[in-house]
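As structure tokens, the structure follows; a few thoughts come after it.
Predicted model, so just to flag it, every value in this text is computed and none were measured. Note on naming: letters A, B, ... go to the chains in the order of the sequence lines (proteins, then strands), and numbering restarts at 1 for each one.
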There are 2 protein chains.
Amino acid sequence: MQCQPRRNEEHQKEMRAVQDSMDVLNGKWKISIISSICYYNKRRFSDILNDVVGISNKMLSKELKELEINQLIKRTVLDTQPITVQYELTEHGLTLKTIINNLTEWGIAHHKKIFEQ
Amino acid sequence: MQCQPRRNEEHQKEMRAVQDSMDVLNGKWKISIISSICYYNKRRFSDILNDVVGISNKMLSKELKELEINQLIKRTVLDTQPITVQYELTEHGLTLKTIINNLTEWGIAHHKKIFEQ
DNA sequence: CGGGATCCCCATTGATACTG
DNA sequence: CAGTATCAATGGGGATCCCG
């Protein structure tokens, strides 16, 4: 006796997984920040601030913190004078590269689709 | 004479492309909605409303509209009584499947990474 | 230099009710 | 059923200043 067809568990699981990913990558800036660090391998706070057009230091600080909590980036304080801080991707963070590449390709294709059709 | 190393144009382009993708997929709900429609092939408004846990009808309506504008989904009104509306992915929308799959896999891996380490 | 603290605005979203 | 309308709240995010 089941009026409603059983919810497909597999699909539910997938949706949660996708959501997990999106939660980690949420906000306007995360992907751009990762992309910047990834491209230059190691990158300082103020450099990223320049790379990511439009972001404020407050936001950058916040986003970097979240990325660090999620173990996507590693923060290193160099005791220069004045202090400099370097960010780099962790191994785990590097596994995002495939997704970023896909998003890049899709973004280009989408742009064409919308404006050239 | 160039004090600062020339900004890599290629990287800038990539970042814009990724951003374009993320703009299309922004918000908490877009991916879940797409995932729902994709999984069932065709899906009605109220069905999606049930699939996507937590979304309000106002939000769903808005998100669907945006997805339609970006030509990712197709909206069809069936003249039943009362009216039903079906949503399905366009061909263009279907090209997101790779990304969704990647995000799914990565989400699972990330979850493991964070909670099992 | 790399942030933290504060102030403040307005866009996003939720809740609820209503309509064709 | 598939939305729309309206009101209200919240918090994202900018601007600015400050500090070790």
**Prompt:** Roughly how far, to the nearest 0.5 Å, is CD of A:Glu10 from NZ of A:Lys13?
**Reply:** 5.0 Å
**Request:** Starting at CG of A:Asn102, measure out to CG of B:Asn101 and round the result to the nearest 0.5 Å.
**Result:** 10.0 Å
**Asked** Do A:His11 and B:Ser35 have a side chain donor and acceptor closer than 3.5 Å?
**Response** yes
**Request:** Using heavy atoms to find the nearest nucleotide of DNA chain D for A:Pro82 and A:Lys28 separately, return the residue whose nucleotide is more 5′.
**Result:** A:Lys28
**Closest-nucleotide 5' rank along DNA chain C - winner of B:Asn57 and A:Asn57** = A:Asn57
**Fill in**
Ranking B:Ile83 and A:Lys62 by the position along DNA chain C of their nearest nucleotide, the one closer to 5' is A:Lys62
[N] phosphate, OP1 or OP2: any side-chain N/O from [X] under 4.0 angstrom?
X: B:Ser56; N: C:dG14; result: yes
X: B:Lys65; N: D:dT4; result: yes
X: B:Tyr87; N: D:dG3; result: yes
X: B:Lys58; N: D:dA5; result: no
X: B:Arg75; N: D:dA2; result: no

Give the nucleotide from the list [options] with an atom nearest to the side chain of [X].
X: A:Ser46; options: C:dC1, D:dT4, D:dA2; answer: C:dC1
X: A:Ser61; options: C:dG3, C:dT16, D:dC1; answer: C:dG3
X: B:Arg44; options: D:dG14, D:dA2, C:dG3; answer: D:dA2

Quick one: [X] [atom1] to [N] [atom2], roughly how many Å, whole number?
X: B:Leu78; N: D:dA2; atom1: CG; atom2: C1'; answer: 12 Å
X: A:Trp29; N: D:dG14; atom1: CH2; atom2: C1'; answer: 10 Å
X: A:Glu66; N: D:dG11; atom1: CD; atom2: C1'; answer: 13 Å
X: A:Leu60; N: D:dA15; atom1: CG; atom2: P; answer: 15 Å
X: A:Leu49; N: D:dG14; atom1: CG; atom2: C1'; answer: 13 Å
X: B:Ile73; N: D:dA2; atom1: CD1; atom2: C1'; answer: 14 Å
X: A:Met59; N: D:dG13; atom1: CE; atom2: P; answer: 4 Å
X: A:Glu63; N: C:dG4; atom1: CD; atom2: P; answer: 13 Å

**Prompt:** B:Thr104 side chain to B:Ile100 main-chain N or O, any donor-acceptor pair under 3.5 Å?
**Reply:** yes
**Asked** Between B:His110 and B:Trp106, what is the ring plane arrangement, given parallel below 30°, perpendicular above 60°, and tilted in between?
**Response** parallel
